[in-house]
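Comments concern the structure below.
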Amino acid sequence: MTSTETDSTPSSKPSLPIVENFSRRAAVKAGFATLGAGAFVAAISPLRQAAKNTSAAEFMQTHYTELSTEQKADVIARLEAETKEKYGADVTIGDDRPIPGTKFVYAINLSVCNGNGKCVEACHKENNHDRDTNQSYIRVIEMPKGTMDMEQGSTTYTGVVPKDDKFYLPVQCQQCDEPPCVDVCPVKATWKEEDGIVVVDYNWCIGCRYCEAACPYHARRFNWKKPEVPAAEVNPDQSYLSNRIRPVGVVEKCTYCLHRTRRGKLPACLEACPTGARVFGNILDKDSNIRWILENKRVYILKEELGTKPAFFYYFD
Amino acid sequence: MSRIANLLFAGVVCLIGAMFFVATSRTALREDSHATPDAVASVAQSGDVSFQSASEPAAKSDGEQEAYPTVIRKPSGPPRIELAGTDPQGRTGSVACSTCHRVRQPNLDNKTAATLDEFHQGMTFSHGSIACYSCHNPDDSDSLRLADGTLVAYQEVMTLCSQCHSKQAESFAHGAHGGMNGHWDLTRGPQMKNNCIDCHDPHAPAYPKMIVGFKPKDRFNAPLDHSHDHEGAESHDEH
């Protein structure tokens with residue numbers, strides 16, 4: 001400091017150079033400092049937004065598979081409270097784990113399916129899908145007879161079904177044994193469980209939609225906006241990995257209604273099918289319906305050449 | 001030296017400012033995280049109970065291994081004819097088949113409703129070329145009969161259908177034909193299955209046509225002519 005004074009005193013005699021010098025440099029420095037501080041504030045401002053959008057508990061929540069039982073109970077209680085707050089519905093969110101010794105498999109009788117779309121509607125209601133978009137995990141494709149090429153089909157058919165020159169191919173998640181959607185997930189928010197169901201931790205999903213692009217069956221859905229479900233229509237029987245109301249910006253998929261099937265019940269789409277085309281069961285059980293079908297019917301796998309090894313079969317009578 | 005000192009000073013000021021900002025935002029977060037478990041604690045209690053109760057009965061029934069039945073729905077009984085007229089007291093009623101058929105001579109050759117001169121005339125019949133009395137019982141019109149003449153109650157209609165439609169009966173027995181409800185796992189609950197005539201009209205058994213009601217509005221369901229992709233492609237071609 002003393003050296004500064006001795007340096008500047010001689011030159012400062014004519015016109016108060018210290019003040020001039022200070023004002024110029026300091027102004028520039030202060031300007032940049034303000035700019036820097038402003039940039040810093042702008043840079044961390046998303047954190048404040050995040051704090052507004054998500055509670056701290058939700059922000060700090062770890063991956064589903066790393067949660068302890070107590071933490072899971074806390075998370076589920078929080079989700080139930082949030083559903084009450086946002087949707088005005090009293091719901092019970094279970095944490096259904098795979099039943100030991102089960103591997104779920106689905107089969108559809110294409111000779112019987114007439115494309116009426118009741119399964120699509122049942123899925124929509126059961127899984128608390130957005131009412132505005134009529135979202136559903138099932139898509140029924142009207143196919144020309146003589147091909148199994150999905151690209152030749154159409155989902156826009158209406159009116160009276162079945163049409164004489166068409167057959168109907170309901171497509172939903174095939175719960176592949178080699179799931180491409182799981183391989184591409186950069187954050188491991190989706191994985192395959194012991195009973196064969198591919199699940200999504202909606203609180204861990206970052207919404208990059210890689211899985212949606214990777215799925216050859218177009219089975220995944222993205223929540224473009226907050227799902228809107230009237231309180232009276234919310235299905236209160238929910239599960240963490242299944243039909244709890246999903247947040248905006250995450251990917252979701254068919255879980256074979258694990259909130260039902262892991263409690264021993266049949267999936268909602270099967271119960272809704274008026275033609276009885278759908279069969280569901282445990283492939284590890286030698287006496288199950290599904291085993292009899294695989295052994296006695298002409299069974300087809302969708303896009304078998306891709307090597308995804310679906311747990312979903314189509315058969316003909 | 002003075003410049004470096006000034007720069008250092010500015011740097012320290014910035015750092016303090018930054019720490020201040022981080023600290024405030026963090027304390028906001030921390031306050032939130034403190035508040036949330038407290039507010040949720042009471043809910044967590046009740047949530048915990050349902051959490052437990054959801055998994056407990058499953059474990060119990062697993063241990064028991066007691067299988068619930070598969071219930072096949074049955075018709076309530078022989079059909080009854082609703083009377084068109086009313087009696088002097090204004091009451092309507094229904095009568096059993098045998099009310100008329102006991103006193104009438106059965107025509108064993110009749111195959112369609114068109115050849116009847118009285119009653120059942122509007123009925124559609126489209127079930128092969130079998131005669132009415134192939135299935136209906138001429139001796140007891142309140143029951144059915146098998147091909148060998150054995151009497152079968154209306155409730156056991158599936159026995160009757162199965163004598164010709166054995167393929168379907170076999171599939172039905174293995175859950176590959178006909179709708180069902182309830183549980184796939186019979187150790188946890190029963191299963192209800194439809195019988196033949198829940199879905200098939202016995203006189204015209206072809207499954208009826210249906211009308212598509214519900215349609216999701218996703219990109220695959222948008223009509224091709226109005227889709228964004230298509231419009232984009234068109235404008236590209238024009239350019």
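Numbers restart at 1 for each chain; the letters A, B, ... are given by sequence-line order, proteins then strands.
Annotation for A/N114 and B/P208: closest pair ND2-O, 4.2 Å, computed over non-hydrogen atoms. Scanning all heavy atoms of the two residues, the minimum distance from A/V161 to B/V212 falls at CG1-CG2, 3.6 Å. Summarising the geometry of B/A176 relative to A/K297, their closest heavy-atom pair is CB-CE, 4.5 Å, with the distance given to 0.1 Å. The two atoms that bring B/H183 and A/R263 nearest to each other are CD2-O, 4.1 Å, heavy atoms only.
For a residue to count as touching a neighbouring chain, one of its non-hydrogen atoms must lie under 4.5 Å from one of that chain's; by this rule B/Q168 does not touch chain A.
Taking the centre and axis of the six-membered ring of A/Y157, the NZ or CZ atom of B/K215 falls inside the cone set by 45° and 6.0 Å.
Taking the six-membered ring where tryptophan is involved, the planes of A/H124 and B/F214 are tilted, since the angle between them lies from 30° to 60°.
Residues B/Y207 and A/P274 have side chains in contact (heavy-atom distance under 4.5 Å, counting atoms from C-beta outward). By the 4.5 Å heavy-atom criterion applied to side chains, A/T133 and B/P216 are not counted as neighbours.
No donor-acceptor pair under 3.5 Å is formed between the side chain of B/W184 and the backbone N or O of A/N282.
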Check the pair A/D164, B/K209 against salt bridge (charged side-chain N to carboxylate O under 4.0 Å, His left out), reporting the backbone distance first and the verdict last. CA-CA 11 Å; A/D164 288 338; B/K209 297 241 176 192; 3.6 Å; yes
Is there a side chain to side chain contact (heavy atoms under 4.5 Å, CB included) between B/C199 and A/T275? Walk through the geometry before answering. CA-CA 8 Å; B/C199 305; A/T275 63; over 6 Å; no
Between B/H174 and A/I293, is a side chain to side chain contact (heavy atoms under 4.5 Å, CB included) present by the stated rule, with each step listed? CA-CA 8 Å; B/H174 291 97; A/I293 287 166; 6.0 Å; no
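Take B/H200 and apply the ring pair (Phe, Tyr, Trp, His ring centres under 6.0 Å) test, not counting sequence neighbours, and it matches no residue. In this view, A/F40 satisfies the ring pair (Phe, Tyr, Trp, His ring centres under 6.0 Å) rule with no residue, not counting sequence neighbours.
More than 12 non-hydrogen atoms from other residues, nucleotides or ligands lie less than 6.0 angstrom from NZ of A/K163.
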